[in-house]
Enquirer: 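Attaching a single structure in structure tokens format; questions to follow.
Chain A is the first sequence line, chain B the second, and so forth, proteins listed ahead of strands; every chain is numbered from 1. Just so it is clear, the model here is predicted, and its values are computed rather than measured.
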There are 2 protein chains.
Amino acid sequence: MTDAMRAVFVELLVHGPLSRAEVARRLDLSPSALTKVAKPLLDAGYLREQSSDGQKGIGRPSQPLQVDASRSSFIGIKLTAEELFAVRVDLAATVHDRFSLPLPDHDVDTIVEQIAQAVRRLSEAGDVAGVGISLAGTATPGDPVVGNSPFLGWSHVALAKLVEDAVGVPTVLNNDVRALTAAQQWFGAGVGHSSFALVTVGAGIGCGLVVEDRVVTGRSGGTGLIGHLAIDDRGPLCELGHRGCARAFAASSAIRRSIATTLDRPELTFDDCLELARQGQPVARRVLDDAGRALGRVIATVANVIGPDLVILSGEAVHMYDVCADALQAALTRHTHWTSTPVRVTVKPFTFDEWARGAAVSALQHLLLHS
Amino acid sequence: MTDAMRAVFVELLVHGPLSRAEVARRLDLSPSALTKVAKPLLDAGYLREQSSDGQKGIGRPSQPLQVDASRSSFIGIKLTAEELFAVRVDLAATVHDRFSLPLPDHDVDTIVEQIAQAVRRLSEAGDVAGVGISLAGTATPGDPVVGNSPFLGWSHVALAKLVEDAVGVPTVLNNDVRALTAAQQWFGAGVGHSSFALVTVGAGIGCGLVVEDRVVTGRSGGTGLIGHLAIDDRGPLCELGHRGCARAFAASSAIRRSIATTLDRPELTFDDCLELARQGQPVARRVLDDAGRALGRVIATVANVIGPDLVILSGEAVHMYDVCADALQAALTRHTHWTSTPVRVTVKPFTFDEWARGAAVSALQHLLLHS
DNA sequence: GCGACTTGCTTGACACGGTGAACAAAACGG
DNA sequence: CCGTTTTGTTCACCGTGTCAAGCAAGTCGC
């Protein structure tokens with residue numbers, strides 16, 4: 001696998017079917033290089049030649065090349081405190097199968113065994129080229145060790161090596177938000193943008209960054225630690241005792257708790273709260289406006305600091321967006337630096353699969369680019 | 001000039017004298033490649049061979065290579081509303097000469113003529129390989145056009161082309177903070193860090209970023225727009241009407257004004273104010289503590305978002321650091337995300353030359369890497 | 001309907017940057 | 001003085017991509 005082959009393959013994988021000529025232009029290669037490079041990929045079945053373009057135009061019609069996505073599979077696994085979610089995806093990151101298992105305890109051996117079981121179960125349909133594991137905490141592709149994971153109580157656990165030994169498949173670790181960012185970069189709203197941010201809302205608030213086509217890994221794996229960004233020092237308290245930080249305003253649990261306690265209706269779920277706000281219930285309305293404002297300000301802060309082309313909003317609680325969109329956009333405009341126009345915000349609907357899918361894409365990316 | 005030659009040259013330029021073997025290891029090249037690559041650079045006089053290492057050790061002693069910094073010169077120019085500051089530097093970014101001119105008006109032709117005059121004056125001592133121009137506003141190396149410069153009242157001015165035509169030397173534009181960041185990356189505190197942030201304090205508050213060894217250029221050239229980051233919505237007003245934004249707390253003019261008006265002593269300079277705070281004058285003390293807190297929070301925000309190895313603090317007003325270090329560090333610790341340790345902050349003394357020097361380094365970097 | 005034109009793709013000779021193996025050089029240490 | 005270690009050089013070679021040329025397959029104009 002030469003550099004050019006990798007680049008051609010990735011270009012076709014990410015930017016869909018393209019003619020050789022077009023790929024050559026994009027990668028700044030000669031047309032002849034493309035014939036030469038595409039040949040072995042076609043022979044090996046990684047690429048297919050689409051019959052005709054359909055596009056009428058002057059000159060010889062192009063014969064677009066396309067990646068045969070079914071040519072190999074990856075497994076992605078997201079670890080949470082209670083459960084393990086696994087998916088099997090093809091090269092285009094389409095989910096073909098899923099599986100989940102409870103995690104009875106946080107013992108390393110137990111978890112490795114559960115992971116191995118999930119991998120075996122999802123490998124029944126055919127060979128798997130790589131396994132990606134994502135979790136909240138410090139982990140990076142290229143390092144087989146989980147640095148620190150508060151929710152599992154782990155530090156310095158060589159998880160990738162243990163799993164590799166157990167299942168015999170190359171294994172890549174990553175932080176969950178960064179994995180999701182990788183998925184957006186190649187197969188989501190980030191395609192075509194060399195620089196974007198992904199902001200997630202859910203149990204917490206996270207942020208992943210892509211700068212000049214590279215997923216950013218900060219010092220000791222920590223980037224996008226915006227959950228505790230201070231918004232208003234008279235706001236509600238978060239679990240760490242900060243007053244008015246972003247997650248105290250906008251995390252789903254904080255929103256639910258705030259509305260449920262004020263209304264003295266402890267049975268309310270998060271979605272009930274959204275519904276109340278939609279109906280105009282004043283307390284719910286106010287809490288969600290505050291949440292929207294906080295998110296708008298978080299997004300503005302990220303946008304001011306790094307100047308991304310685009311901010312993608314996602315996470316388990318993104319569906320709250322339509323309830324607080326006005327407050328969010330207003331705050332975004334208000335806090336955007338005066339020399340810029342507000343950054344474009346794209347809302348990406350979320351299913352819980354996304355976390356595991358991100359892990360799979362993370363493995364795919366790493367194995368494709370660094371081996 | 002092959003890629004390898006460029007890489008070797010840059011490695012030697014930035015990381016001082018190194019033996020061929022060491023360079024080969026760092027750049028992942030074979031030793032033989034190094035002999036081959038170094039030959040033409042030595043012959044052309046761009047590299048010199050240091051006689052002996054001095055380092056005693058086993059094995060054949062190494063013959064370190066070193067860039068002959070005097071081999072070529074660059075001119076850097078910083079434009080402000082009233083004046084133009086120019087310096088001539090060598091390849092190691094050492095300033096050898098300086099020159100300044102007033103800018104009678106902001107007419108494009110006038111300014112081009114003044115720039116040409118400065119370049120001619122500084123070229124008397126010998127040929128110049130490139131000119132870099134930095135200014136507050138949107139400009140990037142690689143684009144000959146100044147997108148927008150509020151203080152000059154310019155938009156879409158092809159300054160680089162005009163200057164190139166006038167002086168016959170390749171010309172590179174850049175935003176001033178980004179140019180300063182480039183200088184720190186190759187010749188300052190950023191050397192050896194693949195990811196760092198530069199925060200400047202002075203008339204405004206700015207921020208430049210280096211992520212994975214690349215100076216970040218955001219959407220339409222805007223990165224690090226942290227001057228108006230909201231700190232406390234009960235704080236002082238800035239000139240744009242924001243209450244309690246970073247520059248309303250920590251810009252030098254804001255600090256001076258705040259102390260001078262409270263004490264009703266309009267004659268006080270910024271440095272007088274620092275002296276008062278040093279002596280414990282309560283009003284000055286409070287204003288500078290607030291400024292330190294604001295800066296600490298700005299730094300924490302940047303550090304949380306991108307996770308740099310290091311934050312370099314600089315700018316015309318950095319010398320205020322020793323007056324507000326405690327407040328700054330306290331705020332930094334308080335607002336750093338709980339899973340991280342506070343980022344290391346390095347204070348870089350500042351002379352006004354630095355802006356122009358940054359412009360020169362910016363040109364040097366761009367011409368070396370992209371041609 | 002035929003040639004002119006345009007664009008896509010392929011072929012084969014070739015240039016060139018970098019590697020690997022072998023070796024020379026320059027120190028140290030017993 | 002000879003092994004050991006590390007640095008640096010030489011030279012044959014290989015592999016990757018370019019260049020020039022030509023073929024392929026369509027549209028356009030007359």
Enquirer: Checking contacts here: which listed nucleotide (D:dT7, C:dT7, C:dG17) is nearest the side-chain heavy atoms of B:Thr2?
Expert: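 The nucleotide sitting nearest to the side chain is C:dG17.
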Enquirer: Atom CG in A:Leu91, atom OG in A:Ser72: separation rounded to 0.5 Å?
Expert: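 A:Leu91 atom CG to A:Ser72 atom OG measures 3.5 Å (nearest 0.5 Å).
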Enquirer: Measure the distance from NZ on B:Lys36 to P on D:dT10 and round it to the nearest whole Å.
Expert: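 Distance check: B:Lys36 NZ to D:dT10 P gives 11 Å.
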Enquirer: Less than 4.0 angstrom between a side-chain N/O of A:Arg25 and OP1 or OP2 of C:dG8, yes or no?
Expert: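 Affirmative; the distance criterion is met.
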Enquirer: Can you tell me the distance, in whole Å, between the CE atom of B:Met1 and the P atom of C:dC16?
Expert: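 From B:Met1 CE to C:dC16 P: 17 Å.
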Enquirer: Go through C:dG18, C:dG8, C:dA24 for me and flag the one nearest to the B:Arg60 side chain.
Expert: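 Looking only at heavy atoms from C-beta outward on B:Arg60, the closest nucleotide is C:dA24.
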Enquirer: Between B:Arg25 and B:Glu22, is there a side-chain N and carboxylate O pair less than 4.0 Å apart?
Expert: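 Salt bridge: yes.
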Enquirer: Could you please name the option among C:dG8, C:dG18, C:dT11 that lies closest to any side-chain atom of A:Thr35?
Expert: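 Looking only at heavy atoms from C-beta outward on A:Thr35, the closest nucleotide is C:dT11.
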Enquirer: What is the distance, to the nearest angstrom, from the CE atom on B:Met5 to the P atom on C:dG17?
Expert: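 Atom CE in B:Met5 sits about 9 Å away from atom P in C:dG17.
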Enquirer: Which residue, A:Pro31 or B:Gly59, contacts DNA chain D at a nucleotide closer to its 5' end, judged by nearest heavy atom?
Expert: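 Between the two, 5'-proximity favours B:Gly59.
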Enquirer: Please report the distance, rounded to the nearest Å, between NZ in B:Lys39 and P in C:dG17.
Expert: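 These atoms are roughly 15 Å apart.
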Enquirer: For B:Glu22 and D:dT7, give me the distance from atom CD to atom C1', rounded to whole Å.
Expert: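 Taking CD of B:Glu22 and C1' of D:dT7, I get 12 Å after rounding.
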Enquirer: Between D:dC11, C:dA25, D:dT18, which one does the side chain of B:Ser32 approach most closely?
Expert: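 Output: D:dC11.
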Enquirer: Would you give the length of the straight line joining atom CE of B:Met5 to atom CE of B:Met1, rounded to the nearest 0.5 angstrom?
Expert: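 So the CE of B:Met5 and the CE of B:Met1 are separated by 5.5 Å.
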Enquirer: Of the options D:dG17, D:dG8, C:dC9, whose atoms approach the side-chain atoms of B:Ala21 most closely?
Expert: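 Nearest to the side chain of B:Ala21 among the choices is D:dG8.
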Enquirer: In whole angstrom, what separates B:Leu29's CG from D:dT9's P?
Expert: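 So the two atoms are 15 Å apart, to the nearest Å.
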Enquirer: Can you tell me the distance, in whole Å, between the CG atom of B:Leu34 and the P atom of D:dT6?
Expert: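 Atom-to-atom, B:Leu34 to D:dT6, this comes out as 18 Å.
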Enquirer: Pick one: which of A:Arg214, A:His193, A:Gln365 meets side-chain hydrogen bond (donor to acceptor under 3.5 Å, both in side chains) with A:Gln185?
Expert: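 Among A:Arg214, A:His193, A:Gln365, the one that satisfies the side-chain hydrogen bond (donor to acceptor under 3.5 Å, both in side chains) with A:Gln185 is A:Gln365.
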Enquirer: Among C:dC9, D:dT5, C:dT7, which nucleotide has an atom closest to any side-chain atom of A:Ile58?
Expert: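 From the listed options, C:dT7 comes nearest.
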Enquirer: Go through D:dT18, C:dC9, C:dG18 for me and flag the one nearest to the A:Ala33 side chain.
Expert: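 It is D:dT18.
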